[in-house]
Q: 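First the structure, which I've put down as structure tokens, then a few questions once you've had a look.
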Amino acid sequence: MCNTESIQLIRNKKLIRTASTQNSIIFGMDVEKVLDALPEEPLFDLVVTSPPYDIGKEYEKRMPLEEYVLWQKRIINKIYPRLKDTGSICWEVGNYINNGEIAPLDIELAPIFKELNMPLRNRIVWHFGHGLHSKRRFSGRYEVIMWYTKTDDYFFDLDSVRIPAKYPGKRHFKGPNKGELSGNPLGKNPEDVWDIPNVKSNHVEKTIHPCQFPVGLIERLVLSMAPQDGLVFDPFAGVASSGVAALMNNRHFWGCEIVKEYIDVGMRRLQETLDGTVKYRPSNKPLYDPSSSRLSEIPNEWK
Ligand SMILES: C[S@@+](CC[C@H](N)C(=O)[O-])C[C@H]1O[C@@H](n2cnc3c(N)ncnc32)[C@H](O)[C@@H]1O
């Protein structure tokens with residue numbers, strides 16, 4: 001089924017307001033309803049999302065962990081038949097927290113993917129610098145992206161996301177290639193720990209959403225896991241950061257979101273992406289060096 005027919009199917013359910021730009025659409029309705037309205041046919045090249053973690057953000061309703069996992073399972077099971085055989089799912093998660101006890105959601109959700117026989121390719125650690133300061137445990141400064149593929153025949157374009165090598169001039173020092181350059185002229189594999197600033201108040205991408213993805217984080221996934229003109233789907237789209245990463249790189253985007261204000265901001269960002277005016281921090285921009293700030297000096301009171 002082609003995308004236009006699928007979109008028409010959802011619209012015919014008359015459940016929603018949809019909003020679209022060229023090559024993108026945000027379905028303003030519950031993701032389960034959107035998925036139920038779609039044919040069980042492979043549509044998506046890449047599904048990338050950060051679901052609510054049920055930690056009491058303004059868009060979340062609190063539910064017990066068991067109930068939360070069942071809800072996530074229903075959604076992932078509905079996505080699975082709609083994912084292409086060459087496709088990937090990237091589920092970005094942190095911790096569910098209850099009475100000071102943490103439950104890492106990658107561990108809680110892994111059995112869902114295992115039951116679907118989806119191989120885990122990487123557990124990418126996204127490390128960032130800012131967040132709440134904990135008093136009774138170490139402050140949390142990373143989340144993980146669980147990258148699963150549907151089959152072994154998955155799309156992966158490593159060359160599109162290589163980063164500069166530390167020692168590009170390094171040469172083989174023995175063996176048949178002795179004296180030849182040992183690295184790749186396109187750069188090195190970005191590895192599975194990514195240091196990318198999270199979107200806090202002074203970040204250029206900051207909007208009204210309390211928990212945005214940095215676009216640079218998703219861009220790496222989009223470039224390496226979805227082909228040109230492929231379809232990227234974010235079931236919990238928020239302000240469409242995945243969509244910005246997709247449109248910037250000539251992929252199509254579908255998202256679902258239930259909060260009207262987020263849909264409005266998301267649509268604005270998608271249009272700005274098409275116009276070339278969207279605010280964006282590339283993933284390869286060097287991290288801010290705080291040592292040049294006066295705030296990094298020890299205050300007199302502490303000397
Ligand atoms: C962690 S946020 C995602 C933020 C997003 N990655 C971004 O960069 O803007 C999760 C989003 O899922 C939305 N959401 C919650 N339940 C939903 C549902 N049943 N269907 C669709 N969206 C939902 C929330 O409103 C929230 O914006």
Side-chain angles (χ1 to χ4, degrees), residues 10 13 15-19 24-38 46-63 67-79 89-97 105-106 109 126 128 131 140 143-146 196-200 203-222 232-248 253-270 272-273 278-281 283:
I10 297 173
K13 293 273 168 188
L15 290 160
I16 39 162
R17 77 188 265 286
T18 53
S24 75
I25 181 158
I26 298 181
F27 298 106
M29 67 196 279
D30 183 302
V31 54
E32 288 194 76
K33 290 185 180 156
V34 173
L35 290 166
D36 285 342
L38 288 173
L46 169 64
V47 177
V48 58
T49 202
S50 159
Y53 306 160
D54 207 18
I55 51 174
K57 294 278 175 194
E58 61 199 37
Y59 51 77
E60 294 174 344
K61 67 173 190 306
R62 202 78 183 128
M63 53 177 123
E67 204 182 303
Y68 175 83
V69 172
L70 286 175
W71 174 58
Q72 292 281 288
K73 181 174 180 170
R74 277 204 315 274
I75 293 166
I76 293 163
N77 284 346
K78 285 175 205 260
I79 288 172
I89 296 184
C90 289
W91 218 254
E92 194 273 329
V93 289
N95 295 321
Y96 177 97
I97 303 171
L105 286 176
D106 54 316
L109 302 181
W126 168 33
F128 44 82
E143 296 194 343
V144 301
I145 302 171
M146 305 150 75
I196 298 179
N198 47 343
V199 182
K200 290 291 170 199
H203 192 289
V204 306
E205 294 168 19
K206 180 75 184 130
T207 71
I208 56 167
H209 200 289
C211 280
Q212 277 171 248
F213 273 153
V215 172
L217 179 82
I218 307 309
E219 186 172 32
R220 262 195 196 155
L221 306 172
V222 164
V232 175
F233 175 60
D234 186 341
F236 300 100
V239 286
S241 311
S242 312
V244 173
L247 291 199
M248 261 182 8
F253 174 70
W254 287 6
C256 305
E257 175 54 57
I258 48 175
V259 177
K260 181 184 172 304
E261 289 74 14
Y262 299 160
I263 299 173
D264 292 343
V265 175
M267 290 316 299
R268 174 178 50 77
R269 296 178 85 206
L270 292 172
E272 286 170 358
T273 307
V278 74
K279 291 190 182 140
Y280 154 68
R281 183 191 192 285
S283 65

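As the structure is a prediction and not an experimental result, all values here were calculated from the model. Each ligand, and each atom within it, is numbered from 1 in the order the structure gives. Note that these values count all heavy atoms, side chains included, but never hydrogens, waters or copies made by symmetry.
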Q: Pull out every atom of ligand 1 sitting under 4.0 Å from any heavy atom of Cys211, numbered as shown with elements.
A: 4 (C)
Q: Is a side-chain donor or acceptor of Glu205 paired with a backbone partner of Val199 at a separation under 3.5 angstrom?
A: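 Flag not set: sc Glu205 to bb Val199 has no pair under 3.5 Å.
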Q: Evaluating non-hydrogen atoms only, which member of Thr49, Val31, Ile75, Val48 is closest to atom 20 (N) of ligand 1?
A: Val31
Q: Which one of Val222, Val215, Leu221, Ile218 satisfies the side chain to side chain contact (heavy atoms under 4.5 Å, CB included) criterion with Ser242?
A: Ile218
Q: Is a side-chain donor or acceptor of Tyr280 paired with a backbone partner of Ala245 at a separation under 3.5 angstrom?
A: no
Q: Looking only at distances, please establish whether an N/O atom of ligand 1 is found under 3.5 Å from an N/O atom of Phe213.
A: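 Between Phe213 and ligand 1 (N or O atoms, distance only) the closest approach is under 3.5 Å.
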Q: Going from CH2 on Trp126 to CD on Glu92, what distance comes out if it is rounded to the nearest 0.5 angstrom?
A: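 The distance works out to 5.5 Å.
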Q: So which atom in Phe236 and which in Asp234 form the shortest heavy-atom distance, rounded to 0.1 Å?
A: N-OD1, 2.9 Å
Q: Flag Val259 as yes when one of its N or O atoms lies below 3.5 Å from any N or O atom of ligand 1, and as no otherwise.
A: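 For ligand 1, there is no N or O atom that lies under 3.5 Å from one belonging to Val259.
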Q: Is Ala237 touching ligand 1 with its side chain, its backbone, both, or neither, if touching means heavy atoms under 4.0 Å apart?
A: backbone
Q: With backbone taken as N, CA, C and O and side chain as the heavy atoms from C-beta onward, which portion of His209 lies under 4.0 Å from ligand 1: side chain, backbone, both, or neither?
A: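 It is the side chain that touches ligand 1; the backbone stays farther off.
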Q: Would you check whether Val239 has a nitrogen or oxygen atom less than 3.5 angstrom from a nitrogen or oxygen atom of ligand 1?
A: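 N/O-N/O distance under 3.5 Å: yes.
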Q: Give a yes or no answer on whether the side chain of Glu257 reaches the backbone of Tyr262 with a donor-acceptor pair at less than 3.5 Å.
A: no
Q: Hey, does Asp234 come in under 3.5 Å of ligand 1, counting only N/O atoms on both sides?
A: no
Q: Any nitrogen or oxygen of Ser241, side chain or backbone, less than 3.5 Å from one on ligand 1?
A: yes
Q: Are any of the side-chain nitrogens in Asp264 or Arg268 under 4.0 Å away from the carboxylate oxygens of its partner?
A: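 Looking at Asp264 and Arg268, the cut-off is not met.
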Q: To the closest 0.5 Å, what do you measure between CZ (Phe213) and OG1 (Thr49)?
A: 5.5 Å
Q: Please work out which of Glu32, Glu257, Gln212, Arg269 has its closest non-hydrogen atom nearest to atom 24 (C) of ligand 1.
A: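 Checking each option, the heavy atom nearest atom 24 (C) of ligand 1 is found in Glu257.
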Q: Counting each atom of ligand 1 from 1 as listed, which ones have a heavy atom of Ser50 under 4.0 Å away?
A: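 Within the 4.0 Å cut-off of Ser50, ligand 1 contributes 1 (C), 2 (S), 3 (C), 10 (C).
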Q: Out of all atoms in ligand 1, which are within 4.0 Å of some heavy atom of Asp30? Include the element for each.
A: 19 (N), 20 (N)
Q: If the cut-off is 4.0 Å to any non-hydrogen atom of Pro235, which atoms of ligand 1 fall inside it?
A: 21 (C), 22 (N)
Q: Side chain, backbone, both or neither: which part of Phe236 has a heavy atom under 4.0 Å from ligand 1?
A: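 Both parts.
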Q: Can you confirm whether more than 12 heavy atoms, excluding those of Lys279, are under 6.0 Å from its NZ atom?
A: no
Q: Does Gly266 come within less than 4.0 angstrom of ligand 1, counting non-hydrogen atoms of the residue?
A: no
